[in-house]
Participant: 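I'd like to ask some things about the structure below.
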2 protein chains.
Amino acid sequence: MSLRHGLLGLLAEGPASGYDLARRFQEMLGAIYPAQHPKIYAELGRLSSEGLIAVESEGPRRRKAYRITDAGLAEIKAWLVEGEVDHTVRLQPLLRSVFFWLMEPDDLRRHLTEEQRFYAERAARCEAYAAARGSGDSPSVQSLRVTTEAAVRLYGALADWAEWARTVPPAGDR
Amino acid sequence: MSLRHGLLGLLAEGPASGYDLARRFQEMLGAIYPAQHPKIYAELGRLSSEGLIAVESEGPRRRKAYRITDAGLAEIKAWLVEGEVDHTVRLQPLLRSVFFWLMEPDDLRRHLTEEQRFYAERAARCEAYAAARGSGDSPSVQSLRVTTEAAVRLYGALADWAEWARTVPPAGDR
DNA sequence: AAGCGCATGTAAAGGGTTACATGATTGC
DNA sequence: GCAATCATGTAACCCTTTACATGCGCTT
């Protein structure tokens with residue numbers, strides 16, 4: 001249950017609506033922690049009923065902007081320090097790689113080329129995203145750059161791996 | 001639904017029981033694709049009723065060993081070539097990093113030190129696991145080494161990132 | 001007035017974890 | 001005989017995604 005704290009954290013930067021938060025989760029956090037709008041609206045409802053966030057304003061098109069409350073700020077800060085870190089990783093592409101020996105060499109090469117392209121593109125996108133808010137110096141932007149750096153390294157590592165895997169196994173083993 | 005194909009893939013190496021598969025998922029795939037036994041037994045039941053695997057033998061303690069059928073082998077091979085690759089990544093530690101600016105510098109340093117230690121240890125474990133089956137040359141072992149390489153690179157990248165993040169932001173920003 | 005993007009939700013289904021439950025065999 | 005480990009399963013719960021549904025407001 002970290003979406004809860006993810007929303008609190010984003011709201012700590014300033015008020016936002018469910019729609020805003022969904023968009024940010026999609027374009028900025030989609031690469032590291034995707035979340036869809038139904039989950040977000042549901043969680044916002046729960047957070048609000050618990051007093052961790054509150055409706056700040058109602059706008060056109062029945063837009064509801066939430067702001068974080070003192071209790072909410074205390075909650076996210078406590079979570080960051082005391083909460084258990086969940087190190088779970090679940091990557092289908094790596095599971096697939098366990099079974100590469102079942103693939104025809106040609107298919108495998110194609111697959112790895114495509115994977116490499118995909119990861120390189122993601123890494124580039126994350127880098128571009130970071131560059132876009134280049135000079136911003138607020139604490140939250142600085143944190144975001146740290147996150148982006150992680151994403152770039154992560155996807156870079158996977159891209160390099162895919163390239164390595166494509167060339168290293170001496171063509172057609174099996 | 002990739003657990004299904006994960007099980008088929010492991011059974012392609014040879015017959016195994018649910019217990020065996022659960023153990024392998026825990027010790028070898030736990031770092032990249034964890035799965036618990038209830039899910040595994042349930043999926044084995046489904047695969048079996050669909051004729052993709054079959055009970056090979058019943059042993060002591062009502063152990064049931066499954067083997068993959070021709071249909072099952074065809075299914076996993078088709079999946080590897082035609083199946084959509086799911087590139088979803090969901091890493092709580094990276095979500096946390098978006099909110100580093102909400103932490104006290106001391107707490108953050110402690111956190112990053114612990115993270116670095118954790119990832120370095122995981123990388124080392126994966127490396128050790130690969131070294132343990134060092135000389136094996138069968139196709140499936142070779143694939144496993146490719147997977148392990150990915151895991152080592154991945155966790156290595158995260159360890160490096162944590163170390164970098166700890167030192168780079170000039171001590172106490174905010 | 002038509003169409004797009006904003007904005008919020010509900011419902012159903014799928015995927016996964018945790019806790020509970022049970023029993024057989026082996027080694028001490 | 002006792003404990004540990006092998007071995008399988010069920011039930012309840014939680015989390016997440018996909019599909020469905022609706023309506024407002026702005027632009028052309």
Side-chain angles (χ1 to χ4, degrees), chain A residues 1-8 10-11 15-27 29-50 53 55-66 79 83-92 95, chain B residues 1-8 10-11 15-27 29-50 53 55-66 79 83-92 95:
Chain A
M1 208 206 264
S2 350
L3 177 60
R4 182 185 187 70
H5 296 102
L7 293 172
L8 280 177
L10 290 183
L11 287 174
S17 71
Y19 190 86
D20 296 336
L21 294 165
R23 222 180 46 241
R24 293 180 69 182
F25 259 97
Q26 191 186 340
E27 73 187 28
L29 302 177
I32 56 155
Y33 206 93
Q36 276 67 36
H37 77 263
K39 193 78 208 304
I40 291 173
Y41 287 120
E43 196 64 51
L44 286 174
R46 239 168 286 143
L47 285 167
S48 165
S49 75
E50 289 173 40
I53 63 177
V55 176
E56 208 225 10
S57 68
E58 309 218 8
R61 296 161 181 144
R62 69 178 176 152
R63 171 196 170 92
K64 266 182 292 184
Y66 292 93
W79 178 73
E84 281 275 295
V85 181
D86 179 359
H87 288 105
T88 304
V89 170
R90 173 172 275 124
L91 298 174
Q92 206 221 49
L95 181 64
Chain B
M1 210 205 264
S2 349
L3 178 59
R4 183 185 186 71
H5 295 103
L7 293 171
L8 280 178
L10 291 182
L11 287 174
S17 68
Y19 189 86
D20 295 337
L21 294 165
R23 221 178 48 240
R24 291 179 72 181
F25 260 95
Q26 190 184 339
E27 73 186 30
L29 302 176
I32 56 155
Y33 207 92
Q36 278 66 37
H37 77 264
K39 195 80 206 308
I40 291 173
Y41 287 119
E43 196 62 50
L44 286 174
R46 240 168 287 144
L47 285 167
S48 165
S49 74
E50 288 172 41
I53 63 177
V55 176
E56 208 226 10
S57 66
E58 310 218 6
R61 297 164 179 142
R62 69 181 175 150
R63 170 194 171 93
K64 268 183 291 185
Y66 292 93
W79 178 73
E84 281 275 296
V85 181
D86 178 0
H87 288 105
T88 304
V89 170
R90 174 173 274 123
L91 297 173
Q92 205 221 48
L95 180 63

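In what follows, every heavy atom counts, from backbone to side chain, and hydrogens, waters and symmetry copies are set aside. Owing to the predicted nature of the structure, the values given are computational and were not obtained by experimental measurement.
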Participant: Going 5' to 3' through nucleotides 11-17 of chain D, assign each nucleotide B (protein heavy atom under 4.0 Å from a base atom), S (under 4.0 Å only from sugar-phosphate atoms) or - (no protein heavy atom that close).
Facilitator: ----SBB
Participant: Run the side chain to side chain donor-acceptor pair (under 3.5 Å) test against R62(A) and tell me which residues pass, sequence neighbours left out.
Facilitator: none
Participant: Y41(A) OH to dT22(D) C1': how many Å, rounded?
Facilitator: 13 Å
Participant: Going by the side-chain hydrogen bond (donor to acceptor under 3.5 Å, both in side chains) test, which pairs reach into residues 30-40 of chain B, not counting sequence neighbours?
Facilitator: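 The answer is S2(B)-Y33(B).
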Participant: Given side chains that start at C-beta, do those of L3(A) and M1(A) come closer than 4.5 Å, heavy atoms only?
Facilitator: no
Participant: What's the CD-P distance between E27(B) and dC6(D), to the nearest Å?
Facilitator: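 So the two atoms are 11 Å apart, to the nearest Å.
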Participant: Can you check whether V85(A) reaches Q92(B) side chain to side chain, under 4.5 Å on heavy atoms?
Facilitator: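 Yes, side chains in contact.
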Participant: Kindly write out the residues that satisfy salt bridge (Lys or Arg N to Asp or Glu O under 4.0 Å) with R46(A), not counting sequence neighbours, or none if the list is empty.
Facilitator: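 Residues passing salt bridge (Lys or Arg N to Asp or Glu O under 4.0 Å) with R46(A): E43(A).
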Participant: When you compare the side chain of L8(A) with that of L10(A), does any pair of heavy atoms fall below 4.5 Å?
Facilitator: no
Participant: Using whole Å, report how far NE2 of H37(A) lies from C1' of dT22(D).
Facilitator: 12 Å
Participant: Can you measure D86(B) atom CG to dT18(D) atom C1' for me and round it to whole angstrom units?
Facilitator: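 In whole Å, dT18(D) C1' lies 14 Å from D86(B) CG.
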Participant: Could you pull out all residues at least two apart from T88(A) that satisfy side chain to side chain donor-acceptor pair (under 3.5 Å)?
Facilitator: D86(A)
Participant: I'd like to check the side-chain contact (heavy atoms from CB on, under 4.5 Å) partners of S48(A); sequence neighbours left out, ordered by chain and number.
Facilitator: I53(A), Y66(A)
Participant: In whole angstrom, what separates Y19(A)'s OH from dC24(D)'s P?
Facilitator: 17 Å
Participant: What residues form a salt bridge (Lys or Arg N to Asp or Glu O under 4.0 Å) with R23(A), not counting sequence neighbours?
Facilitator: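 Here the qualifying residues are D20(A).
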Participant: Tell me which residues in residues 56-64 of chain B put a heavy atom below 4.0 Å from DNA chain D, sorted by number, or none.
Facilitator: R61(B), R62(B), R63(B), K64(B)
Participant: Checking Q26(B) now: which residues fulfil side-chain contact (heavy atoms from CB on, under 4.5 Å) with it, not counting sequence neighbours?
Facilitator: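 For Q26(B) there are no side-chain contact (heavy atoms from CB on, under 4.5 Å) partners, ignoring immediate neighbours.
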Participant: Would you grab the first and last nucleotide of DNA chain C (5' to 3') that comes under 4.0 Å of any non-hydrogen atom in chain A?
Facilitator: dG5(C) to dT17(C)
Participant: In chain order, what residues pass the side chain to side chain donor-acceptor pair (under 3.5 Å) check against E50(B), with sequence neighbours excluded?
Facilitator: R4(B)
